[in-house]
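These figures come from a predicted structure and were not determined experimentally. All heavy atoms count here, side chains included; hydrogens, waters and symmetry mates do not. In what follows, chains are A, B, ... by sequence order, proteins preceding strands, each numbered from 1.
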Amino acid sequence: MMRLSQLFVRTLRDDPSDAEVPSHRLLVRAGYIRRAAPGGYTWLPLGWRVLRKVEQIVREEMDAIGAQEVHFPALLPREVYETTGRWTEYGDNLFRLVDRKGADFLLGPTHEEMFTLLVKDLYSSYKDLPVSLYQIQTKYRDEARPRAGLLRGREFLMKDSYSFDIDEAGLSKSYNDHRDAYERIFKRLGLPYVIVKAMSGAMGGSMSEEFLAPIEVGEDTFVRCTSCDYSANTEAVTTGALAADTGTYNAASTVSTPNCPTIASLVDYLNTHHARTDRAWAASDTLKNVVLQLRQPDGTTETLVVGVPGDREVDLKRIEAQVSPADIETLDDAGFAKHPGLIRGYIGPQVLGKESTTGVRYLLDPAVVAGSAWVTGANEKDSHVLNLVNGRDFNADGTIEAVEVAAGDPCPSCGAALEIARGIEIGHVFQLGRKYADKLGLTVLDQNGKQVVVTMGSYGIGVSRAVASIAEAFHDDIGLKWPRAISPADVHVVVTGKKDDDISVAAEKLAAELEAQGLEVLIDDRVGVSPGVKFKDAELMGIPTILVVGKSLAEGNVEVRDRHAGTNEAIPVNNAVAHVTALARSGS
RNA sequence: CGGGGUGUGGCGCAGUUGGUAGCGCGCCUGGUUUGGGACCAGGAGGCCCGGGGUUCAAGUCCCCGCUCCCCGACCA
């Protein structure tokens, strides 16, 4: 039994000044965590209980799919990460240190290499596969900006697992097993989640999904369909081909547009000097051509122009995901100098494309549909072209998903409007494929005695982040409201009496009986502390059931308060143990 | 890494033209209280983020760092 008179905890009356988001504020105020270092937190007894419960649920569900728990050191030698190039790739995000002999070490930000090598070390036959291994480990990342308490720290607890299979079918099964396990984990934690399609990035065409807790303070933006169940990370949305424009348009004509280098100035000028009869010109009538530079891993560069409707922004991350492993950036002045044919502010597709005068590759966003007419640059200063039709007056080299996805865009799956939401990434499942196995030489002999490279999946859950996410999802102005599965206790007994009076005696007896039923009991047995303080602390700490033993004892009752529902029910004392036990076991 | 803010007992904050640091909460002692963060009296507790400087004198002014928070860039 935890006694508040003894428990190592101190609640704060005021919000800590350095905490902004609710989870951070409340976890500190309620005495669950303390900041100990930039991006690092100490877990106090209450917080540690919650963390361990989350960890245990994760462990049980991983074990249930046959994954086996191992544990690596966090302190790792440089060589391994050198092999996969991540010693450099990770850059400043890696915590590096040097031992007394001058050897380089790092604190593990993630453990793909170590797991791959471990399997290579022990296994060498297809008969050994499939195998899935996991660990629950402290990870280190020297984040540019740790923020929001536990949500983004530099040291955090993560469950990472890796599957090893002989072929794609096996990988697919391992992936689905993990995905299913993750769904069970988040359901048991009581944490709302959405599964969104994620970018697979450099690894090429493989499947990757993120589990996001849909919470405003999250750092990830995703879209979801207002009609069907489609959802995706904004960078991963693929619009696909849209219906062609079947309208007929006048022949293209060039107009003088002095001092109109921006979309806004162009639209203003057109409305003043070339007003349409049917409606006003809008930014969406214009075709914006953004000049980018591709940089391949080997250092070679290529200029690329992407055409998007003028009312839309270009999403570089989204483009980058499609040109990976190349990097993308906007073309700088030096780059423009090499292309005298590109007149900044007045670029039009007439001079773009592989076959054109500039020879610059030209790609269109799918929103610029076939047959559509546009106002766009005339490729000379102070001139634009009206009614330039895609397919009639110009052709692109292809399409690329380029615009920043916005609310109201059509759902790629059903066509209904998409909405934009924010979320906290709490899990990620990813078909890695053979990238690490290739680089680290993880092969096994197959049925025919042939060496084959093993295919891998990697799967992560941010355990400490999950605690913060749950706090974000379940709290109100006055405190936390833990889901039962991970609450630091089942019941919080508030004793409002004086030392050794009838109330205290009855409360102690109830607490002991509850504990005898197998419940975890926290009792506020502090003497000389006013009832108001005890009520406030109970609400702040957020244990789902609060049992108040106080003045209604005279009528033979105690109060059972539900922290989630906010209800307060009088229950006869002799019924209290059965009642509270039933509540705790109901799981709700 | 860029922009903005910030840093003073455990927590929240004040500190005037530069003159040797204060309030509330919390903590300790005694007493009165006990159903919504009680009251009285008495106490303890400070490298004013750090380092340089200006000055007879610096929490306060100047320079250089750092911290934390927010926005952006980056990031699983």
Hey, does [Y] have a side-chain heavy atom less than 4.5 Å from the side chain of [X]?
X	Y	result
A:Arg59	A:Tyr134	yes
A:Glu69	A:Met62	no
A:Ser504	A:Asp525	no

Consider the side chain of [X], meaning its heavy atoms from C-beta on, and name the nucleotide among [options] that approaches it most closely.
X	options	answer
A:Lys498	B:rG35, B:rU34, B:rC70	B:rU34
A:Arg35	B:rG35, B:rG37, B:rU67	B:rU67
A:Arg10	B:rC27, B:rG37, B:rU34	B:rC27

Ignoring hydrogens and geometry beyond distance, is the side chain of [X] in donor-acceptor contact with the base of [N] at under 3.5 Å?
X	N	answer
A:Arg29	B:rG37	yes
A:Arg152	B:rC75	yes
A:Glu559	B:rG35	yes

Which value, in whole Å, describes the distance between the [atom1] atoms of nucleotides [N] and [M]?
N	M	atom1	answer
B:rC70	B:rC27	C1'	33 Å
B:rA44	B:rG5	C1'	35 Å
B:rG45	B:rG9	P	16 Å
B:rC13	B:rU6	P	12 Å
B:rG72	B:rC11	P	29 Å
B:rG22	B:rU60	C1'	15 Å
B:rC63	B:rU54	P	15 Å
B:rC61	B:rU17	C1'	12 Å

Q: Starting from the 5' end of RNA chain B, give me the residue, A:Glu539 or A:Gly528, whose nearest nucleotide shows up first.
A: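 That would be A:Gly528.
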
Q | Residue closer to the 5' end of RNA chain B, A:Leu212 versus A:Gly532 (nearest nucleotide) | A |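 It is A:Gly532 whose nearest nucleotide is closer to the 5' end.
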
Q.
Using the side-chain contact (heavy atoms from CB on, under 4.5 Å) definition, which of the options A:Asp177, A:Ile426, A:Val429 pairs with A:Tyr182?
A.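 Only match with A:Tyr182 under side-chain contact (heavy atoms from CB on, under 4.5 Å): A:Val429.
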
What is the distance from [atom1] of [X] to [atom2] of [N], rounded to the nearest Å?
X	N	atom1	atom2	result
A:Asp524	B:rU34	CG	C1'	13 Å
A:Leu553	B:rU34	CG	C1'	15 Å
A:Arg465	B:rC75	CZ	C1'	10 Å
A:Arg25	B:rC70	CZ	C1'	15 Å
A:Asp477	B:rG37	CG	P	17 Å
A:Glu555	B:rG35	CD	C1'	13 Å
A:Arg526	B:rG37	CZ	C1'	11 Å
A:Arg154	B:rC75	CZ	C1'	14 Å

Scan [X] against the nucleic acid and name what it touches under 4.0 Å (heavy atoms): base, sugar-phosphate only, or nothing.
X	result
A:Lys139	nothing
A:Gly460	nothing
A:Glu112	nothing
A:Asp220	base

Q.
Angle between ring planes, A:Phe474 versus A:His564, binned at 30° and 60°: parallel, tilted or perpendicular?
A.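 Because their plane-to-plane angle is over 60°, the rings of A:Phe474 and A:His564 count as perpendicular.
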
Q | Test: A:Lys288 and A:Asp311 ion pair at under 4.0 Å | A |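 Here A:Lys288 does not pair with A:Asp311 in a salt bridge, since their nearest N and O are not under 4.0 Å apart.
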
Q. Does the distance from a Lys or Arg side-chain N to an Asp or Glu carboxylate O, for A:Arg465 and A:Glu472, drop under 4.0 Å?
A.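 Not counted as a salt bridge, because no side-chain N and carboxylate O are separated by less than 4.0 Å.
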
Q | side-chain N/O A:Thr496 vs B:rU34 OP1/OP2, d < 4.0 Å | A |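 No.
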
Q) Given A:Leu76 and A:Tyr81, is the side-chain contact (heavy atoms from CB on, under 4.5 Å) satisfied, shown in steps? A) CA-CA 9 Å; A:Leu76 303 169; A:Tyr81 283 72; 3.4 Å; yes

Could you list the donor-acceptor pairs under 3.5 angstrom formed by side chains in residues 33-45 of chain A, with sequence neighbours left out?
| from | atom 1 | to | atom 2 | distance (Å) |
| --- | --- | --- | --- | --- |
| A:Arg35 | NH1 | A:Ala37 | O | 3.2 |
| A:Tyr41 | OH | A:His24 | NE2 | 3.0 |

Q | Ring-face cation of A:Arg179 near A:Tyr459 (centre distance under 6.0 Å, axis angle within 45°) | A |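 Pair A:Arg179/A:Tyr459 does not count as cation-pi.
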
Q: Looking only at non-hydrogen atoms, find the nearest pair between A:Glu112 and A:Ser458 and report the distance.
A: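 Shortest heavy-atom contact: OE2-OG, 3.7 Å.
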
Q. What are the two closest heavy atoms between A:Val21 and A:Ala148, and how far apart are they?
A.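 Of all heavy-atom pairs spanning A:Val21 and A:Ala148, the closest is CG2-CB, 3.7 Å.
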
Q | Pairing annotation in dot-bracket form, given for RNA chain B with Watson-Crick or G-U pairs under 3.5 Å and | for cross-strand partners | A | (((((.(..((((.....[..)))).((((((.....)))))).....(((((..]....)))))).)))))....

Heteroatom pairs (N/O) under 3.5 angstrom, protein to nucleotides 2-11 of chain B:
none

